[in-house]
Number of protein chains: 2
Amino acid sequence: MKIGELAKAANTPVETIRYYERAGLLPDAARTESNYRIYGEAQRDRLIFIRHCRGLDMTLDEIRLLLRFKDSPSENCAQVNTLIDEHIGHVSVRIRELKNLERQLKTLRKTCGEARESSQCGILNGLSACREGESLTGKTGHVHGAHTMKS
Amino acid sequence: MKIGELAKAANTPVETIRYYERAGLLPDAARTESNYRIYGEAQRDRLIFIRHCRGLDMTLDEIRLLLRFKDSPSENCAQVNTLIDEHIGHVSVRIRELKNLERQLKTLRKTCGEARESSQCGILNGLSACREGESLTGKTGHVHGAHTMKS
DNA sequence: GAAAACCCTGTAGCCGCTATAGTGTCAAGC
DNA sequence: GCTTGACACTATAGCGGCTACAGGGTTTTC
């Protein structure tokens, strides 16, 4: 199959596939005479694996490690378990952080129930004031942000 | 105060302060004869405001909007309320996504209780298999990722 | 008067894509 | 057989929000 077909089969943009190749997650693809990439089922499955991992918010580095284990089936998978455990830890930490955030934001929102002059706005004023016990976000994990990509 | 003092006062790296200036969040600072930036209390307060907003995971664009309202105190702050409401929405969405993720990861983790051969590893095999009802993450908000920055 | 600590500008890198510009190849329809 | 359109290729730049240089100048401290 050509790259466009693979893209459909794995529900992945073409550019992303080429990016994964450059990034070393997919092996350099075989080429036709006219220099088009061609793929078999093995590569398709590998790509689907990668996309599953990305769907679980793993970094490409984490995925690289998992792929190494997939590529050496006789090795002991203890490191895989560790990786997943750590990743779960990162996600949990991030959930806790975001819940905190949500709480703070809702508190802040209550301080300006209705529209009024900016100078009187409880939100703007609240953001200016210094709160004390603020343990600013994340040093622990690698799960970031509060903003998803599209739109 | 010079930039280093401001950095301490607002608990913000010097480079980040310069970056905010370039990004138009802080006004171009006044300069000494030897071209050093100098700041007063107003700029310090503005920076602290920005850092509070960042602590609440707002984007620089969102913060720019808030600053516009701070800069025109007689305007109606309805848009501020809307922004905060939307931001709360983004955070809530992200929390739901991450909880989902956590659930999936824990399920996956259970499939390989103990270390064994990679080829037998429930995790690696689970990641290869196609799950059906996967509503892949995020189109709705702008709160992203599961990975925090440092370490 | 030398060394350390600070400041400056400009540029490149991080991640995981995404989007261009500019070119080449191929299959279908006339 | 020639045009049109869909697809493929490479190379490069951009996103956000910093962070980290390199290579210089200034100010403070001993």
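Labels below follow one simple rule: chain letters A, B, ... track the order of the sequence lines, proteins then strands, and each chain is numbered from 1.
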(request) For the pair B:Glu97 and B:Arg94, evaluate salt bridge (Lys or Arg N to Asp or Glu O under 4.0 Å) and give the outcome as yes or no after the intermediate values. (result) CA-CA 5 Å; B:Glu97 287 173 356; B:Arg94 189 62 191 147; 2.5 Å; yes
Name every donor-acceptor pair, under 3.5 Å, that has one atom in a side chain of residues 14-26 of chain A and the other anywhere in the protein, sequence neighbours excluded.
{"residue": "A:Tyr20", "atom": "OH", "partner": "A:Arg51", "partner atom": "NH1", "Å": "2.9"}
{"residue": "A:Glu21", "atom": "OE1", "partner": "A:Arg37", "partner atom": "NE", "Å": "3.0"}

(request) Take nucleotides 7-12 of chain C nucleotide by nucleotide from the 5' end and write B, S or -, depending on whether a protein heavy atom sits under 4.0 Å from the base, only from the sugar-phosphate, or from neither. (result) SSB---
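Taking the side chain to side chain contact (heavy atoms under 4.5 Å, CB included) definition, one finds that B:Asp61 meets it with B:Thr59, B:Arg64, sequence neighbours left out. The side chain to side chain contact (heavy atoms under 4.5 Å, CB included) check on A:Ala9 picks up A:Met1, A:Arg44, with sequence neighbours excluded. By the side chain to side chain donor-acceptor pair (under 3.5 Å) test, B:Asp45 is found to be paired with no residue, residues two or more places apart in sequence or in another chain being considered. For A:Gln43, there are no side chain to side chain donor-acceptor pair (under 3.5 Å) partners, not counting sequence neighbours.
Nucleotide C:dC17 holds its C1' atom 12 Å from the CG atom of A:Leu25, rounded to whole Å. Straight-line distance from the CG atom of A:Asn11 to the P atom of C:dC17: 13 Å, rounded to whole Å. We find that CZ of A:Arg51 is positioned 12 Å from P of C:dG16, with the value rounded to whole Å. Remark: P of C:dC17 and CG of A:Leu26 are 11 Å apart, rounded to the nearest angstrom. For A:Glu15 and C:dG16, the CD to C1' distance is 13 Å, given to the nearest whole Å. A straight line from CD1 of A:Ile17 to P of D:dT10 spans 13 Å, rounded to a whole angstrom. Atom P of nucleotide D:dC15 and atom OH of A:Tyr19 are separated by 17 Å, given to the nearest angstrom. If you measure from atom CD1 of A:Ile50 to atom C1' of C:dG16, you get 13 Å, rounded to the nearest angstrom.
Neither OP1 nor OP2 of C:dG16 sits under 4.0 Å from any side-chain N or O of A:Tyr20.
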